[in-house]
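This structure is a prediction, so every number in the text was calculated from the model and none was measured.
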Amino acid sequence: MKKTGMAKSDAKKLMGKMTAPGAAGFGNSDVAVVDRKEQRKRDQALGLVPFAVKLNSALVLQLQTLAKERETDLNQLVGELLAKGLAD
């Protein structure tokens with residue numbers, strides 16, 4: 001195997017480890033890992049429904065900035081803005 005092929009192989013292995021379950025908390029032992037099934041159950045208990053939309057990147061950047069300013073979750077911010085817009 002050539003040197004570039006070995007480097008590709010190593011990179012693929014590393015990317016696989018990064019996307020593995022529990023890798024998000026790497027280095028943070030106090031972070032609780034919740035699997036997708038459990039998160040789905042929690043969301044359903046709160047009455048949350050997944051709702052995917054495609055937005056302009058500039059609008060998404062504005063939403064992310066506003067969420068950071070308000071120190072809130074992006075989902076919560078979008079929900080508030082939609083509720084406010086529909087009430088008007």
Interatomic spacing from CG in Asp10 to CE in Met6 - rounded to 0.5 Å: 6.5 Å
Reported CG-to-CD distance for the pair Leu46 and Gln44, which is rounded to 0.5 angstrom: 10.5 Å
Hydrophobic cluster identity match, Phe51 and Leu48, side-chain contacts under 4.5 Å: no
Closest contact, heavy atoms only, Arg70 versus Leu77: NH1-CD1, 3.4 Å
Test side-chain contact (heavy atoms from CB on, under 4.5 Å) applied to Thr65 - qualifying residues, sequence neighbours left out: Leu61, Glu69
ILVMFWY cluster, Leu82 and Val49 together (side-chain gap under 4.5 Å): no
Residues Glu80 and Lys84 bridged, charged N to O under 4.0 Å: no
Modelled atom types, side-chain donor and acceptor of Asp43 and Gln39, under 3.5 Å: yes
For Leu63 against Val78, the heavy-atom pair lying closest together: CD1-CG2, 4.1 Å
Joint cluster assignment, Leu81 & Leu86, ILVMFWY side-chain distance < 4.5 Å: no
